[in-house]
A.B. asks: 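Pasting in a structure now, in structure tokens, and then I'll have a few things to ask.
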Amino acid sequence: MIQALAVLLRNTTWKCGRVERLVVNYLRDQIRKFGRAHIPIKDMLQHFKLKGKQKSEFFDAIRRLEKRRIIKIEGF
């Protein structure tokens, strides 16, 4: 899953947790600043500097966002 790309489908953080909001805001900022629609998950891990339990919470948040169709994971 680290090699996968995340794509923001809907710009909403309604009923999202703290980590989920961080992910959506990061994707939104990357699109706004650089115009990139596909952001590697590896880049997000490096940006947030996650280790141990935080990393597993991050992957859980990514899965929840994908389940709610807010982001799409491609290429894993």
A.B. asks: How long is the straight-line distance from CG of Asp43 back to CZ of Arg36, given to the nearest 0.5 Å?
C.D. replies: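 Arg36 atom CZ to Asp43 atom CG measures 6.0 Å (nearest 0.5 Å).
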A.B. asks: Flag the pair Ile62 / Met44 as yes when at least one side-chain heavy-atom distance between them is below 4.5 Å, and no otherwise.
C.D. replies: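 Yes, side chains in contact.
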A.B. asks: Given 3.5 Å as the limit, does a donor-acceptor pair link the side chain of Arg21 with the main chain of Thr13, or not?
C.D. replies: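 Side chain of Arg21 to backbone of Thr13: no pair is present.
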A.B. asks: How long is the gap from OH on Tyr26 to CD1 on Ile31, to the nearest 0.5 Å?
C.D. replies: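 Separation between the atoms: 11.0 Å.
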A.B. asks: Mind checking side-chain contact (heavy atoms from CB on, under 4.5 Å) for Arg10 and listing every partner two or more places apart, or none if nothing turns up?
C.D. replies: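 Only Thr12, Arg69, Ile70 meet the side-chain contact (heavy atoms from CB on, under 4.5 Å) criterion with Arg10.
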A.B. asks: Enter the distance from Ile2:CD1 to Gln46:CD here, rounded to the nearest 0.5 Å.
C.D. replies: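 Between atom CD1 of Ile2 and atom CD of Gln46 there are 10.0 Å.
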A.B. asks: Rounded to the nearest 0.5 Å, what separation is found between the CD1 atom of Ile73 and the CD1 atom of Ile71?
C.D. replies: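 The distance works out to 4.0 Å.
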A.B. asks: Can you name the side-chain hydrogen bond (donor to acceptor under 3.5 Å, both in side chains) partners of His47, sequence neighbours left out?
C.D. replies: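 Applying side-chain hydrogen bond (donor to acceptor under 3.5 Å, both in side chains) to His47 gives none.
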A.B. asks: Taking only residues two or more places apart in sequence or in another chain, which ones pass ring pair (Phe, Tyr, Trp, His ring centres under 6.0 Å) with Phe59?
C.D. replies: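 Partners of Phe59 under the ring pair (Phe, Tyr, Trp, His ring centres under 6.0 Å) test: none.
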A.B. asks: Look up atom CD in Gln30 and atom CG in Leu8, then write down how far apart they are to the nearest 0.5 Å.
C.D. replies: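 Answer rounded to 0.5 Å: 11.5 Å.
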A.B. asks: Salt bridge or not for Glu20 and Arg64, using N-O below 4.0 Å?
C.D. replies: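 Yes.
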A.B. asks: Please round to the nearest 0.5 Å and tell me the distance separating atom CD1 of Ile41 and atom CZ of Phe58.
C.D. replies: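 Those atoms lie 6.0 Å apart.
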